[in-house]
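Below you'll find the structure, written out as structure tokens, and then a few comments.
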There are 2 protein chains.
Amino acid sequence: MNLRQLSAFVAIHEEGSFSRAAERLAATQSGLSMQIRNMEERLGLRLFERTARGVTPTEAGRHLYGVAVDILHRLDAAEIDLRNLSKIVSGPLAVGLMPTFTRGVLAPVLSDLIADHPDVTLRVIEGYSALLVEMVAAGELDFAVVPHPVTREGLRVEAFGRDREILVMRAGGARAHLAPAALAEIASMKLVLPLRGNARRDRLEAAFAESGLVPEATLDMDAMIATLDFVARSDYATILPATICTADLGGAERWLHPIVDPALSVNYALISPATRAMSPAARAFLDRLRIAHAESDARWTRIFAEGPAARRSQPKN
Amino acid sequence: MNLRQLSAFVAIHEEGSFSRAAERLAATQSGLSMQIRNMEERLGLRLFERTARGVTPTEAGRHLYGVAVDILHRLDAAEIDLRNLSKIVSGPLAVGLMPTFTRGVLAPVLSDLIADHPDVTLRVIEGYSALLVEMVAAGELDFAVVPHPVTREGLRVEAFGRDREILVMRAGGARAHLAPAALAEIASMKLVLPLRGNARRDRLEAAFAESGLVPEATLDMDAMIATLDFVARSDYATILPATICTADLGGAERWLHPIVDPALSVNYALISPATRAMSPAARAFLDRLRIAHAESDARWTRIFAEGPAARRSQPKN
DNA sequence: TCTCTGCCATCACAGAGGCTGATGCCATGA
DNA sequence: TCATGGCATCAGCCTCTGTGATGGCAGAGA
């Protein structure tokens with residue numbers, strides 16, 4: 001049993017198909033077929049049941065999957081450890097982030113990282129969670145941060161942090177900048193929301209439903225930046241994670257309103273390929289991202305706390 | 001980095017030499033040399049410092065050793081698990097035991113094992129600890145039980161149990177069968193003891209020294225069975241682990257005397273190759289051996305407890 | 001029921017990579 | 001200074017693995 005076989009096995013298990021796994025590994029279907037056959041012969045048992053639409057793991061296969069992922073991860077971690085025992089942080093790093101982060105906190109993280117570790121070759125991929133999840137699972141990204149929950153084989157999932165949902169409207173409206181808005185009020189507004197199927201949309205709809213509400217008028221749009229632009233020049237409002245709104249704290253183009261009754265939050269997950277370990281470069285990026293996110297969160301905590309005061313000094317209407 | 005390289009690395013680390021590792025792996029020195037070179041090039045660092053008398057691991061090498069042993073062990077365990085998910089216990093099993101065990105408790109263990117698992121091909125190697133340790137380290141044995149402490153790279157060491165040291169004399173002497181003997185009395189007897197360097201001999205000498213004693217007359221002999229024979233037909237006494245004396249509990253040929261003031265004990269260690277996992281056959285053998293040893297130990301506990309009574313009913317002299 | 005499609009198994013062949021055995025070089029110790 | 005033991009290197013071989021083509025099978029849709 002060798003490591004090639006082991007990673008082939010893992011890929012097939014995750015893809016549920018020899019052909020797709022071959023594609024992902026840049027190998028051939030027949031090659032994988034032979035590898036699995038060899039493993040099965042050696043072990044004297046079947047690892048996959050072959051069906052007409054792919055393969056499903058046997059009990060033995062499921063058992064092996066856990067062990068294999070663990071072993072490959074350990075080995076990768078060891079290799080990274082060794083390679084960096086006495087080396088500067090360097091190498092390629094591919095990170096997947098949602099617009100929330102790229103707009104909200106990426107810039108300082110980036111300049112900080114580049115200043116400290118100029119030898120890191122960085123690629124940041126901006127995208128929505130479904131895309132990022134697939135790219136991480138395919139090993140194309142070192143890690144990504146996406147909304148929890150994530151359930152996909154082949155991913156190592158870890159809690160990353162929390163964010164608050166904020167109502168965003170164009171500046172100059174009836175409600176003062178930073179004055180809170182109750183969910184019941186929001187339901188009667190004209191809203192731009194992400195498409196159904198998007199994790200945040202489902203989460204929002206559930207929150208409305210829990211309060212017995214249904215948003216009256218919605219425009220569905222899976223494009224946060226475009227949404228922000230649109231909101232700034234129309235009477236539509238939208239609901240966005242606090243982090244992405246950091247740039248609007250000044251209240252120049254958009255006014256922000258913490259959502260209350262109830263407050264809504266998003267949990268983020270850090271996802272990485274299950275068999276790979278974090279490189280020092282990835283760790284360096286992540287540390288800074290965590291810090292930046294925590295700072296942003298702290299800022300919003302203050303704002304939520306000061307909300308009533310703001311309302312008093314700038315009375316609504 | 002593949003598994004062949006990893007096991008080559010482990011063997012070299014343990015042997016401290018490419019040549020010796022090659023011998024152990026039934027490979028060639030040049031082959032190992034190339035494998036390590038490839039690993040080193042890949043990692044961009046040196047794993048071994050080459051000296052004229054062999055190799056010593058670098059810091060990176062020492063680090064990798066721990067990880068490599070762990071990975072190989074996990075993989076072996078997984079393979080064994082899988083292979084036996086739905087199979088009867090079978091396969092070859094090589095076990096190393098000291099005469100203590102082969103004479104003391106092996107027979108019932110064996111017949112029990114063979115009855116339950118007829119497909120196990122068993123080889124029992126009888127030998128002293130140094131030999132067994134080497135054989136286990138070389139991967140020739142699935143496991144062995146030897147006196148603690150054991151310090152040798154490449155071994156997984158686990159406590160196995162304890163045994164008591166017993167004074168053995170020919171039958172019909174002045175001291176009643178099973179009557180205790182104090183260490184001070186023993187020091188003045190003619191004793192057959194294992195050779196210096198043997199773990200038990202060193203342990204015994206230390207015990208004497210702690211009580212300010214020096215054995216007066218000793219015959220050095222590293223052969224337990226021969227010692228037992230010799231003691232039965234001479235006025236020499238010897239000190240042996242209780243387990244080996246089980247057959248003499250009847251008192252026909254030899255009389256046994258628990259040692260007191262102080263009581264002496266031996267600790268046994270179960271050793272197995274660090275990178276290999278216990279096969280079900282090995283586990284089955286071990287379970288039975290543990291039980292047999294525990295029963296023997298319990299029997300001796302009773303005897304120690306009843307010692308004074310025995311002395312009263314059969315007054316000394 | 002028939003066909004079409006997608007998937008996996010098998011095979012012969014080509015390629016790569018690792019292993020071997022010989023040789024060379026170096027350090028050590030007598 | 002020489003003998004010894006140990007590792008590095010090299011050319012060639014050989015094994016083993018992956019490739020690409022082909023075939024068979026099962027399910028989905030008409």
Side-chain angles (χ1 to χ4, degrees), chain A residues 1-58 60-62 64-65 68 72 75 79 138-139 153, chain B residues 1-58 60-62 64-65 68 72 75 79 138-139 153:
Chain A
M1 205 164 15
N2 62 41
L3 294 175
R4 282 192 82 80
Q5 289 175 323
L6 230 49
S7 15
F9 169 81
V10 166
I12 295 164
H13 193 279
E14 288 172 2
E15 298 291 340
S17 153
F18 282 53
S19 323
R20 278 201 300 279
E23 199 175 338
R24 168 165 142 196
L25 296 176
T28 59
Q29 172 264 316
S30 59
L32 298 192
S33 178
M34 291 177 71
Q35 284 184 327
I36 298 301
R37 188 182 56 182
N38 289 342
M39 287 178 79
E40 289 179 333
E41 275 171 10
R42 184 197 170 91
L43 293 170
L45 47 80
R46 256 179 136 43
L47 293 170
F48 293 109
E49 290 304 332
R50 276 72 162 173
T51 73
R53 276 195 316 282
V55 295
T56 56
T58 60
R62 278 192 298 277
L64 179 61
Y65 176 73
L72 292 173
L75 196 66
E79 196 165 334
E153 225 179 15
Chain B
M1 199 154 32
N2 62 41
L3 295 175
R4 280 192 83 81
Q5 290 175 324
L6 231 49
S7 11
F9 169 81
V10 165
I12 295 164
H13 194 278
E14 289 172 1
E15 297 292 339
S17 152
F18 281 52
S19 322
R20 279 201 299 279
E23 198 175 338
R24 169 166 141 195
L25 296 175
T28 59
Q29 173 264 317
S30 60
L32 297 191
S33 179
M34 291 178 72
Q35 284 185 326
I36 297 301
R37 188 182 56 181
N38 289 341
M39 287 177 79
E40 289 180 332
E41 275 172 12
R42 184 197 170 93
L43 294 171
L45 47 80
R46 261 184 130 40
L47 293 171
F48 294 110
E49 291 304 331
R50 277 71 163 175
T51 73
R53 276 195 316 282
V55 294
T56 57
T58 61
R62 279 192 298 276
L64 179 60
Y65 176 73
L72 292 173
L75 196 66
E79 195 165 335
E153 227 179 14

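All figures in this text were calculated on a predicted structure; none of them were measured in a lab.
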Open item on the list: The criterion is ring-ring contact (aromatic ring centres under 6.0 Å, His included); which residues satisfy it with B/F18, sequence neighbours excluded?
Closed with: none
TODO: Report the residues that fulfil salt bridge (Lys or Arg N to Asp or Glu O under 4.0 Å) with A/E14, sequence neighbours left out, ordered by chain and then residue number.
DONE: A/R24
Task: All side chain to side chain contact (heavy atoms under 4.5 Å, CB included) counterparts of B/S30, not counting sequence neighbours - done: B/T28
Task: Partner residues of A/R62 under the salt bridge (Lys or Arg N to Asp or Glu O under 4.0 Å) criterion, sequence neighbours left out - done: none
TODO: Please answer whether the main-chain N or O of B/N38 pairs with a side-chain N or O of B/E41 as donor and acceptor at a distance below 3.5 Å.
DONE: no
- [ ] Verify the neighbour count for atom CZ of B/R4: are there more than 12 heavy atoms of other residues, nucleotides or ligands below 6.0 Å?
- [x] no
Open item on the list: Near DNA chain C, counting only heavy atoms under 4.0 Å, which residues of residues 11-25 of chain A show up?
Closed with: A/S17, A/F18, A/S19
TODO: Specify the angle, to 10°, made by the local axes at the two ends of the helix from C/dT1-D/dA30 to C/dA30-D/dT1 when five pairs are taken at each end.
DONE: 30°
- [ ] Just jot down the salt bridge (Lys or Arg N to Asp or Glu O under 4.0 Å) partners of A/E40, sequence neighbours excluded, or say none.
- [x] A/R46, A/R50
Open item on the list: I'd like to compare against my own output: the B/S/- annotation of nucleotides 18-30 of chain C with a strict under-4.0 Å heavy-atom distance to protein.
Closed with: -BBBB----SSS-
Task: Which residues share a side chain to side chain contact (heavy atoms under 4.5 Å, CB included) with B/A21, sequence neighbours left out - done: B/A11, B/I12, B/E15, B/L32
Task: Boundaries of the chain A footprint along DNA chain D (any atom under 4.0 Å from a heavy atom) - done: D/dG18 to D/dA28
- [ ] Calculate, to the nearest 0.5 Å, the distance between atoms OG1 and CZ belonging to B/T56 and B/F48 respectively.
- [x] 9.0 Å
Task: Which residues share a side chain to side chain contact (heavy atoms under 4.5 Å, CB included) with A/E23, sequence neighbours left out - done: none
Task: Partners meeting side chain to side chain contact (heavy atoms under 4.5 Å, CB included) with B/S7 (sequence neighbours left out) - done: B/L72
Task: Distance (rounded to the nearest 0.5 Å) between B/M34 CE and B/Q5 CD - done: 10.5 Å
